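Each residue takes its place number in the sequence, starting with 1. If you're wondering where the values come from, they're calculated on a predicted model, not measured in any experiment.
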Amino acid sequence: MAIDVKVPSVGESITTGVLGEWHKKAGDYVKSGELLVEIETDKVTFELNADVAGVLKPLAETGATVEVGQVIATIDEKAEEKVEKKTSPEKKPSAQEKEIEEKPVSTPSTFGREEAKILAPSARYLAAEVGLKPETLHGTGKGGRILKEDVLRAIDEQKTDKKVTAPIVSSQAANGAIKTSRTTRKPMSPLRQKIAERLVSAQQEAAILTTFNEVDMSNIMNLRQRYQDRFVARHGVKLGFMSFFVKAVVHALQEVPQINAQIDDNEIVQNHFYDIGVAISTERGLFVPVIRDADQLSFAQIEQAIIDYSQKAKSGKITLPDLEGGVFTITNGGVFGSLLSTPILNPPQSGILGMHTIQERPVAVNGHVEIRPMMYLALSYDHRLVDGKEAVTFLVKIKEFVENPVVALMQL
């Protein structure tokens, strides 16, 4: 009996996805629970496993766009006995079979009998594509066999002589990418399309303004250096900068609640909880998982949550609920060396804090010039809801917390 493998629903807003590489090919016997394929959507990438054991028959190719509920493969449960019977000792090919198997593929008749050179299939197609005649090629394979590398070498030589003017297609990947000698063209992933759509939407729908400040990181750096070993021994994670900034954001949102609100049509929705999004960069794109109830978490719990989300995001196992419901976002361009930026809002949120690289700079301290580790901070906010006074006050509260966290934590 053949069991259908369907694209599952992973969220109400997700209706389509793109198939990744199949981990099993047609005719393979799969066990229940084995990974079949990954499906990338505009928000998350998830794995699809086999529900039953049997022989797989894929019905959709890698790179295909599929819909929720679509049948992309079948698994034949009754094919197990056939698979087991095929597990007999491997039969060695006879000398005659081996000779036939190793015999080179001859050139198709379209090249003419006088041009009957031996070409590998990949070399034959590439030569036909760019219009190279086999008699002009020099084969370096066994018995003078012309390989794909020989064709590519001839293409480069003719390009040097300016004899080849048409774009040369060297390969076409399963994901639809087409590579020529000068460019590679590939379709945007659903996630990248969604990121682009949201960024443009944020620019068009919100009145985004950015205010700046700088913060002296001396006290935090001294605290980390003084207590790092004890912190790791006690909690099993390192004390990073991000937990301080998450706590600072919670403190500032409590002091300036207008930023912990959002616009919904013609209404203002005031939030009374503190779910903070932390941007994480991966090869697939930027994810913003949400740390729930950050006001109730310890520094160690915040650091562990960031580590867990980072691992899930980079392995493609982050889920849609992990990304939903944040009231404010923190993004740290400083890990890439950014000195200053104007971050874009993550709708429908009304604020986003941009952290940047730490630089030692001369600053005036009590009438004296000292070298201090300084960081620029940027707060982008929705000016439709948040006034400049509130935005500046919010950023000052962040600065005060970071520069003197002990006073802020003791609520003095």
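Contact of the L345 side chain with the S350 side chain is not registered, since no non-hydrogen atoms from C-beta on lie closer than 4.5 Å. Taking 4.5 Å as the limit, some side-chain heavy atom of I72 sits within range of a side-chain heavy atom of L19. Taking 4.5 Å as the limit, every side-chain heavy atom of D51 sits out of range of all side-chain heavy atoms of I3. At a threshold of 4.5 Å between non-hydrogen side-chain atoms, the residues K6 and Q70 do not count as touching. Side-chain contact check for W22 versus P58: some heavy-atom pair is nearer than 4.5 Å. Side-chain contact check for L323 versus V290: every heavy-atom pair is 4.5 Å or farther apart. Side-chain contact between H23 and L36 is absent, with no heavy atoms from C-beta onward closer than 4.5 Å. Using a 4.5 Å heavy-atom threshold, the side chains of I330 and I276 count as touching.
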For residues 249-267, dump all side-chain donor-acceptor pairs below 3.5 Å to protein atoms at least two apart in sequence or in another chain.
residue, atom, partner, partner atom, Å
Q258, NE2, E390, OE2, 3.4
N260, ND2, N271, O, 3.2
N260, ND2, F273, O, 3.1

Inset, instruction - Using the side chain to side chain contact (heavy atoms under 4.5 Å, CB included) rule, take D295 and K247 through it: C-alpha gap first, then chi angles, then the decisive distance, then the call. - result: CA-CA 7 Å; D295 58 318; K247 285 291 188 181; over 6 Å; no
Inset, instruction - Would you please test V5 and I75 for side chain to side chain contact (heavy atoms under 4.5 Å, CB included) and show each step? - result: CA-CA 7 Å; V5 179; I75 297 177; 3.8 Å; yes
Inset, instruction - Applying side chain to side chain contact (heavy atoms under 4.5 Å, CB included), run through V232 and V237 and close with a yes or a no. - result: CA-CA 5 Å; V232 173; V237 293; over 6 Å; no
Inset, instruction - Please report the C-alpha distance between K238 and E303 in whole Å, then the side-chain angles of each, then the deciding distance to 0.1 Å, and finally whether the salt bridge (Lys or Arg N to Asp or Glu O under 4.0 Å) criterion is met. - result: CA-CA 7 Å; K238 287 187 176 181; E303 294 290 350; over 6 Å; no
Inset, instruction - Please step through side-chain hydrogen bond (donor to acceptor under 3.5 Å, both in side chains) for the pair D4 and T74, ending with a clear verdict. - result: CA-CA 5 Å; D4 291 339; T74 60; 5.9 Å; no
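Side chain of S338 to main chain of G334: no donor-acceptor pair is present (N/O by atom type, distance under 3.5 Å, no hydrogens or angles). Looking only at distances, no side-chain donor or acceptor of S201 sits under 3.5 Å from a matching main-chain atom of E197. The backbone N or O of S218 sits less than 3.5 Å from a side-chain atom of N222, completing a donor-acceptor pair. Side-chain atoms of H356 come within 3.5 Å of backbone atoms of Y376 as a donor-acceptor pair (strictly under, hydrogens ignored).
Considering CG of L209 and CG of D387, their distance stands at 11.0 Å, rounded to 0.5 Å. Atom CG of L56 sits about 10.5 Å away from atom CG of D76, to the nearest 0.5 Å. Put simply, CD1 on I302 and CZ on F245 are 13.0 Å apart, with the number rounded to the nearest 0.5 Å. Remark: T393 OG1 to E400 CD distance equals 9.5 Å, nearest 0.5 Å. Note: I291 CD1 to I306 CD1 = 4.5 Å, rounded to the nearest 0.5 Å. Of the inter-residue distances, the one linking M221 atom CE with M375 atom CE reads 9.5 Å to the nearest 0.5 angstrom.
Applying the salt bridge (Lys or Arg N to Asp or Glu O under 4.0 Å) test to residues at least two apart or on different chains, the pairs with a partner in residues 307-323 are K312-D322. Each salt bridge (Lys or Arg N to Asp or Glu O under 4.0 Å) pair with one or both residues in residues 373-382, not counting sequence neighbours, appears once here: D382-R384. Sorted by first then second residue, the salt bridge (Lys or Arg N to Asp or Glu O under 4.0 Å) pairs that include residues 209-222, not counting sequence neighbours, are E214-R361, D216-R372. Listed by first and then second residue, the salt bridge (Lys or Arg N to Asp or Glu O under 4.0 Å) pairs involving residues 222-234 amount to none (not counting sequence neighbours).
Evaluation of the salt bridge (charged side-chain N to carboxylate O under 4.0 Å, His left out) rule for E67 yields no partner, not counting sequence neighbours. In this structure, the side-chain contact (heavy atoms from CB on, under 4.5 Å) partners of A248, at least two apart in sequence or on a different chain, are I398, F401, V402. For F231, the ring pair (Phe, Tyr, Trp, His ring centres under 6.0 Å) criterion is met by H235, not counting sequence neighbours. Under the salt bridge (charged side-chain N to carboxylate O under 4.0 Å, His left out) criterion, D275 pairs with R292, not counting sequence neighbours. A279 is linked by a side-chain contact (heavy atoms from CB on, under 4.5 Å) to L286, V288, T331, counting only residues two or more places apart in sequence or in another chain. Here F244 pairs with F299 under the ring pair (Phe, Tyr, Trp, His ring centres under 6.0 Å) rule; sequence neighbours left out. With sequence neighbours excluded, the residues forming a side-chain contact (heavy atoms from CB on, under 4.5 Å) with N332 are M242, V335, M355, listed by chain and number.
In this structure, V30 and A50 approach most closely via the heavy-atom pair CG2-CB, 4.2 Å. Across every non-hydrogen atom of S380 and T342, the tightest pair is OG-C, 3.9 Å. Contact record, G17 with I39: CA-CG2, 4.1 Å, taken as the closest heavy-atom pair. When all heavy atoms are compared, the tightest approach of S341 to F212 is O-CE2, 3.5 Å. For Y381 against A391, the heavy-atom pair with the smallest separation is CE2-CB, 3.3 Å. Minimum heavy-atom separation, T211 to L395: O-CD2, 3.5 Å.
Ring centroid separation for the pair F394 and F328 comes in under the 6.0 Å cut-off.
More than 12 heavy atoms of other residues, nucleotides or ligands sit less than 6.0 Å from atom NZ of K399.
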